[in-house]
Trainee: 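Got a structure for you, questions after.
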Amino acid sequence: MSAPREDRRVDVHPRYDAVIGLEVHVHLKTESKLFCDAPVVYGAPPNHAVTPVCLALPGVLPVLNRRAVELAVRAGLATRCTVHPRSVFARKNYFYPDLPKGYQISQYEEPLCTGGWIEIQVGEGERAQTHRIGITRIHMEEDAGKSVHDESLAGAEGSLVDLNRAGVSLLEIVSEPDLRSPAEAGAYLRTLRSILRTIEVSDADLEKGQFRCDANVSLRPKGAAAFGTRGEIKNLNSFRFVEGAIAHEIERQARILDEGGRVVQSTLLYDPVAGRTRVMRVKENADDYRYFPDPDLVPLVIPSDEIERIRLALPELPDQKRIRLEAEYGVTAYEARLLTSSRALADFFEAVARGHGTPKTAANWILRDVLQILKEADAEPEAIRLEPGRFVTLLRLVDQGRVTARSAREILPELLLRGGDPEAVVRERGLEAVSDSGLLEAAADEVIAAHPDSAARMRAGEEKILNFLMGQVMKRTGGKASPATVREILARKLRG
Amino acid sequence: MTPADRSTPEPLGSLAELGAALAARRIGSRELVDAALARASALEPVLHAFVGLRAERARAEAAESDARRARGEARGPLDGIPIVLKDNLVQAGEPTTCCSRILEGFVSPYDASVTRRLRDAGAVVIGRTNLDEFAMGSSTENSARGPSRNPWDPGRTPGGSSGGSAAVVAAGVVPLALGSDTGGSIRQPAACCGVVGLKPTYGRVSRYGLVAFASSLDQIGPFTRTAADCAVALAAIAGHDPHDSTSLPEPVPRYAEALTGDVSGLRLGLPREYFVAEGVEPGVLACVREAAAELERAGAKLVEVSLPHTKYAIATYYLIATAEASSNLARYDGVRYGRRAAHPKDLHDLYHRTRSEGFGAEVKRRILLGTYVLSAGYYDAYYRKAQQVRTLLRRDFERAFEGCDALLTPTAPETAFRLGEKASDPLRMYLSDVYTVSTNLAGIPGLSLPCGLADGLPVGLQLLGRPLDEATLLRIADAFQRRTDHHLRRPPEPR
Amino acid sequence: MPRITRDEVERIAALARLSLAPDEAERMTAQLGALLDYVALLGELDTRDIEPTSHPVPIATPLREDRAGTPLAPELALANAPESEGGAFRVPPIIEGGE
Ligand SMILES: [Mg+2]
Ligand SMILES: [Zn+2]
């Protein structure tokens with residue numbers, strides 16, 4: 001059974017509703033390929049990671065990778081699918097140079113997992129909405145190799161085939177057509193990726209082609225129940241492209257329908273530079289994959305106690321963690337969602353929050369400063385090198401007034417990405433906050449003397465001028481003055 | 001064709017005889033291999049059984065075997081014995097063509113598991129033998145290299161598809177050859193050539209390195225002159241292999257110990273449907289009935305059994321075998337190995353011309369039939385239906401084995417036919433597998449042994465057993481050979 | 001079931017990447033027709049409740065430990081290639097819609 005379908009209205013177009021389903025292909029995190037012991041490597045020279053089996057030499061036979069099965073079961077359980085104790089590998093027959101056997105070993109009539117769902121959130125803060133998106137099925141299959149059409153390599157006269165990727169284990173995760181907008185599609189993919197990374201099923205690195213997406217898009221007049229004819233956009237390898245491609249496909253189909261035309265079922269490619277989808281080929285009934293059970297592989301049987309064992313060993317999933325963080329640390333739902341977008345970030349937060357004792361402070365620093373630093377460095381939370389305990393030390397220095405927040409922010413990027421002892425860095429750079437009242441009194445006197453008008457307005461009760469004067473004192477002390485002490489001194493001197 | 005001259009070397013003895021001679025140092029492996037190579041070359045103009053000989057490497061390996069023996073490190077009954085492989089079993093560094101133009105020039109970088117096991121046991125591969133292209137046929141007439149000839153009558157087929165392997169064992173070139181059997185391709189040529197041929201239980205012998213024809217039916221097995229030799233060969237190649245997911249993880253019994261010579265009390269089932277007069281040559285029927293009577297005299301009990309779905313076996317077999325073959329043969333595309341059409345203008349042209357030029361008519365016919373029965377709209381009516389009938393055929397055997405320990409049948413309805421006799425009628429050719437295909441569909445073991453001559457040509461007796469019960473088949477065959485001399489009859493030396 | 005037509009034979013041949021000369025297509029149509037007539041014999045059997053047999057062995061698929069082995073030496077991987085370049089298999093251009 002599929003997940004309950006929500007009948008929702010999302011305004012992507014004034015006259016039409018969009019119906020979107022996604023097929024995601026994910027590389028499983030295995031050392032060797034799905035059916036042979038060729039190593040799984042990225043960026044190796046062509047055909048350096050092949051065996052007779054993945055070259056499809058005459059006489060070879062497939063033997064299934066145990067780890068791949070376990071990871072596939074894990075993915076099924078994490079997305080609340082039914083994991084079937086018996087599933088069957090089938091051959092999908094078609095000819096292509098990157099498909100050495102002339103068929104792909106996949107699962108067809110009896111896949112490993114069916115009928116799950118994940119929850120996604122779109123919008124932020126007050127306007128955030130959550131939706132349940134159905135997972136139709138998850139099955140195991142082997143990846144194809146790569147055809148390089150690059151003219152500089154292959155010349156205009158042909159292509160070059162590299163089979164290093166041929167036979168790498170894939171999960172195909174097929175969603176129900178439950179998505180209604182490009183933004184929802186993006187949220188679905190980000191959530192799915194975060195789940196797969198959390199449970200260590202896949203690194204899901206988009207640049208390495210470990211997480212690839214095909215999108216099925218159709219339109220129907222607003223309020224209509226029946227689905228329209230769909231376009232299938234192939235091989236989208238960035239979240240931005242998925243959202244862009246779907247948006248453009250919606251426009252393309254709307255234009256056809258507005259002109260009284262008929263959408264033809266077709267396969268499309270997205271050109272991110274031109275920002276448009278292009279019909280690659282029209283689907284006739286020519287696709288006849290002649291699926292049949294692979295006689296070289298008897299059915300895959302996973303005892304139910306084995307499935308239970310895998311279930312028990314599952315780590316906490318992002319949405320379970322989100323609910324726990326809200327309850328345990330008093331962060332808002334929005335903050336919890338950001339914090340759980342990556343397991344590394346959530347772990348870092350928890351360690352800092354516990355060590356510091358004021359989760360709110362930890363959350364503020366992490367969501368504002370840490371995320372900003374990572375973004376600027378184009379880095380993932382896994383790149384954090386600062387031990388949580390040392391981050392706590394830095395926060396304490398701020399709490400104690402020994403370092404100003406401004407100084408702390410100045411040294412944080414380097415500490416965060418390289419690690420180090422905050423106290424030592426503060427000392428080396430001479431960033432200890434100045435709270436020596438003699439020094440600050442002198443600085444305050446200088447400022448008052450330099451800005452007699454402002455001083456007068458302050459004396460006259462114009463409180464908001466205090467901030468200006470404080471800023472001047474800070475400037476003279478290179479930002480190291482303890483703001484509380486400066487405020488106190490200025491107030492004493494100018495309020496009488 | 002030039003007749004072999006008078007200096008044709010003597011035929012080699014059985015595995016047991018040669019093994020004893022090696023053990024007693026009456027002869028060395030090097031001499032044996034030389035003799036085998038000399039006889040192979042001398043008979044080749046008549047038999048046309050070989051695709052290739054590996055004389056130099058074989059001699060070097062024989063010398064190594066002799067050295068091992070001299071050090072007291074001989075590895076067992078196969079050490080130093082010259083053998084041959086059907087040209088659909090790969091050996092590292094050697095070409096494998098399956099007698100198809102499409103595999104021209106292919107040299108395997110890896111060993112088949114059976115090749116590895118035999119080489120580890122010290123056997124010396126002297127060459128590769130002819131077959132119907134991709135093992136599709138019953139006569140070797142579908143070989144891209146032309147047909148092999150029956151040592152008993154060079155105007156006739158040695159049977160097929162493992163015709164080359166059967167012919168060289170019958171002609172005394174080697175005492176052991178490997179073949180493969182998808183619908184009778186070991187047993188039918190064994191019958192045609194008057195030797196012992198065994199198709200083991202599906203999963204008993206690893207298929208890794210056997211170029212696939214129909215994966216759920218294919219099985220590798222030995223040709224020998226005696227049942228005792230067959231037991232030795234099976235012991236060497238049987239057993240679980242982690243490279244084949246369909247390989248059975250069952251221990252291998254000591255087959256030699258099953259050869260007690262005693263069949264008293266064994267119940268032998270004669271399937272009513274296999275003894276119907278029409279289609280079976282009277283000479284064949286007479287020999288098989290006499291063999292049954294001989295076993296009865298030895299103490300076995302004959303019982304009549306029924307395999308009611310027998311008449312559906314050929315249809316079922318051709319649907320399943322061609323469907324699997326259409327997919328198994330998709331990898332021959334001219335991209336990674338084998339033949340590629342000259343100057344392809346684009347990929348479409350490469351595929352179509354490579355495959356159309358590379359495959360012979362029978363292979364194309366089967367690819368087309370198999371593609372058709374799997375295609376949208378026909379899968380249920382043909383492929384799925386055939387798989388359901390396969391279940392019925394399997395149950396027929398299960399029921400029959402409730403009342404007997406082995407089945408006894410003719411191997412083929414007729415003796416070796418004349419070359420060219422059936423070449424123009426595929427269906428007629430297919431029907432000659434009528435007694436052998438059910439065995440592959442059910443996955444049970446089957447053994448053919450010579451049981452006499454009809455009009456001067458060998459007749460095969462087929463024994464079928466329960467899954468993994470090769471031991472009983474070998475025991476019956478061995479007991480029969482102890483009481484009779486059919487297996488000692490030799491084809492006339494070609495002149 | 002209606003007899004297989006020459007058009008169907010050509011459609012199947014295209015799926016299997018085989019080209020048939022006109023006389024070959026004619027002959028194949030006749031031969032496949034005869035074979036399909038023969039296998040229609042199975043229609044006599046009522047198989048409604050019969051489980052299909054895909055594999056003659058009653059075992060579940062064995063699983064291999066996830067350990068990477070030594071790949072084939074690149075020269076061996078390409079040794080049989082009709083055409084290769086820069087360590088890759090070379091194929092003629094893939095014409096859109098053609099393949
Ligand atoms: Mg798909
Ligand atoms: Zn897929």
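A, B, ... follow the sequence lines: proteins, then strands. Residue 1 opens every chain. Computed over heavy atoms, backbone and side chain alike; hydrogens, waters and symmetry mates excluded.
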Trainee: Evaluate L63(C) against L300(A) for side-chain contact (heavy atoms from CB on, under 4.5 Å), listing each step before the verdict.
Mentor: CA-CA 9 Å; L63(C) 297 170; L300(A) 169 59; 4.2 Å; yes
Trainee: As an exercise: rank V50(A), V40(A), V88(A), D294(A) by heavy-atom pairs under 4.5 Å with chain C and give me the winner.
Mentor: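 Going by pairs under 4.5 Å, I would pick V50(A).
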Trainee: Which region of R86(A), side chain (C-beta onward) or backbone (N, CA, C, O), has a non-hydrogen atom less than 4.5 Å from a non-hydrogen atom of chain C, or is it both or neither?
Mentor: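 Contact with chain C: none, neither part.
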Trainee: Between L72(C) and P52(A), is any pair of side-chain heavy atoms under 4.5 Å apart?
Mentor: yes
Trainee: Check whether any side-chain heavy atom of D37(A) sits under 4.5 Å from a side-chain heavy atom of R64(C), and report yes or no.
Mentor: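 When only atoms from C-beta onward are counted, R64(C) and D37(A) do touch, with a gap below 4.5 Å.
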Trainee: Is it true that atom NZ of K101(A) has more than 12 heavy atoms of other residues, nucleotides or ligands lying nearer than 6.0 Å?
Mentor: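 Yes, NZ of K101(A) has more than 12 neighbouring heavy atoms, counting only those of other groups under 6.0 Å.
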Trainee: Who wins among P52(C), A77(C), S84(C) for the most heavy-atom pairs under 4.5 Å with chain A?
Mentor: A77(C)
Trainee: Under 4.5 Å from any heavy atom of chain C, what part of C54(A) do you find: side chain, backbone, both or neither?
Mentor: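 When you check distances to chain C, no heavy atom of C54(A) falls under 4.5 Å.
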Trainee: Is it the case that S32(A) and D66(C) place a side-chain donor and acceptor less than 3.5 Å from each other?
Mentor: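 Per modelled atom types, S32(A) and D66(C) side chains form a pair under 3.5 Å.
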Trainee: Report which part of L76(C) has an atom under 4.5 Å of a heavy atom belonging to chain A: side chain, backbone, both, or neither.
Mentor: neither
Trainee: Between L297(A), N164(A), T51(A), which has the largest tally of heavy atom pairs under 4.5 Å with chain C?
Mentor: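 Highest number of pairs under 4.5 Å: L297(A).
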Trainee: Keeping N47(A) on the side-chain end and G87(C) on the backbone end, is there a donor-acceptor pair under 3.5 Å?
Mentor: yes
Trainee: Of all heavy-atom pairs between L160(A) and E85(C), which one has the smallest distance, and what is that distance?
Mentor: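 Taking L160(A) first and E85(C) second, the nearest heavy atoms are CD2-CB, 4.0 Å.
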Trainee: Roughly how far apart are N65(A) CG and E65(C) CD, rounded to 0.5 Å?
Mentor: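 Going from CG on N65(A) over to CD on E65(C), the span is 8.5 Å.
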Trainee: Would you mind reporting whether F89(C) and L55(A) have side-chain heavy atoms less than 4.5 Å apart?
Mentor: yes
Trainee: Please report the interatomic distance CZ(R67(A)) to CZ(R67(C)), rounded to the nearest 0.5 Å.
Mentor: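 R67(A) atom CZ to R67(C) atom CZ measures 12.5 Å (nearest 0.5 Å).
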Trainee: Evaluate side-chain contact (heavy atoms from CB on, under 4.5 Å) for T61(C) paired with V301(A), printing each intermediate quantity in order.
Mentor: CA-CA 7 Å; T61(C) 208; V301(A) 174; over 6 Å; no
Trainee: Assess whether atom CD of E109(A) is packed by more than 12 heavy atoms of other residues, nucleotides or ligands within 6.0 Å.
Mentor: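 Not more than 12 within 6.0 Å, no.
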Trainee: Could you have a look at N80(C), V57(C), I59(C) and say which one has the most heavy-atom pairs with chain A under 4.5 angstrom?
Mentor: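 The candidate making the most pairs under 4.5 Å is I59(C).
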Trainee: Is chain C contacted by the side chain of L71(A), its backbone, both, or neither, given a heavy-atom distance below 4.5 Å?
Mentor: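 It is neither, since no heavy atom gets under 4.5 Å.
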Trainee: Taking the side chain as every heavy atom from C-beta outward, state whether I94(C) and P97(A) have any pair of such atoms under 4.5 Å apart.
Mentor: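 Contact flag for I94(C)/P97(A) side chains = yes.
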Trainee: For a 4.5 angstrom cut-off between non-hydrogen side-chain atoms, does P71(C) reach P39(A)?
Mentor: yes
Trainee: What part of P293(A) gets closer than 4.5 Å to chain C, counting heavy atoms only: side chain, backbone, both or neither?
Mentor: side chain
Trainee: Check each atom of A81(C) against the heavy atoms of chain A and say whether the ones under 4.5 Å are side chain, backbone, both or neither.
Mentor: neither
Trainee: Checking F35(A) against chain C: side chain, backbone, both or neither under 4.5 Å from a heavy atom?
Mentor: backbone
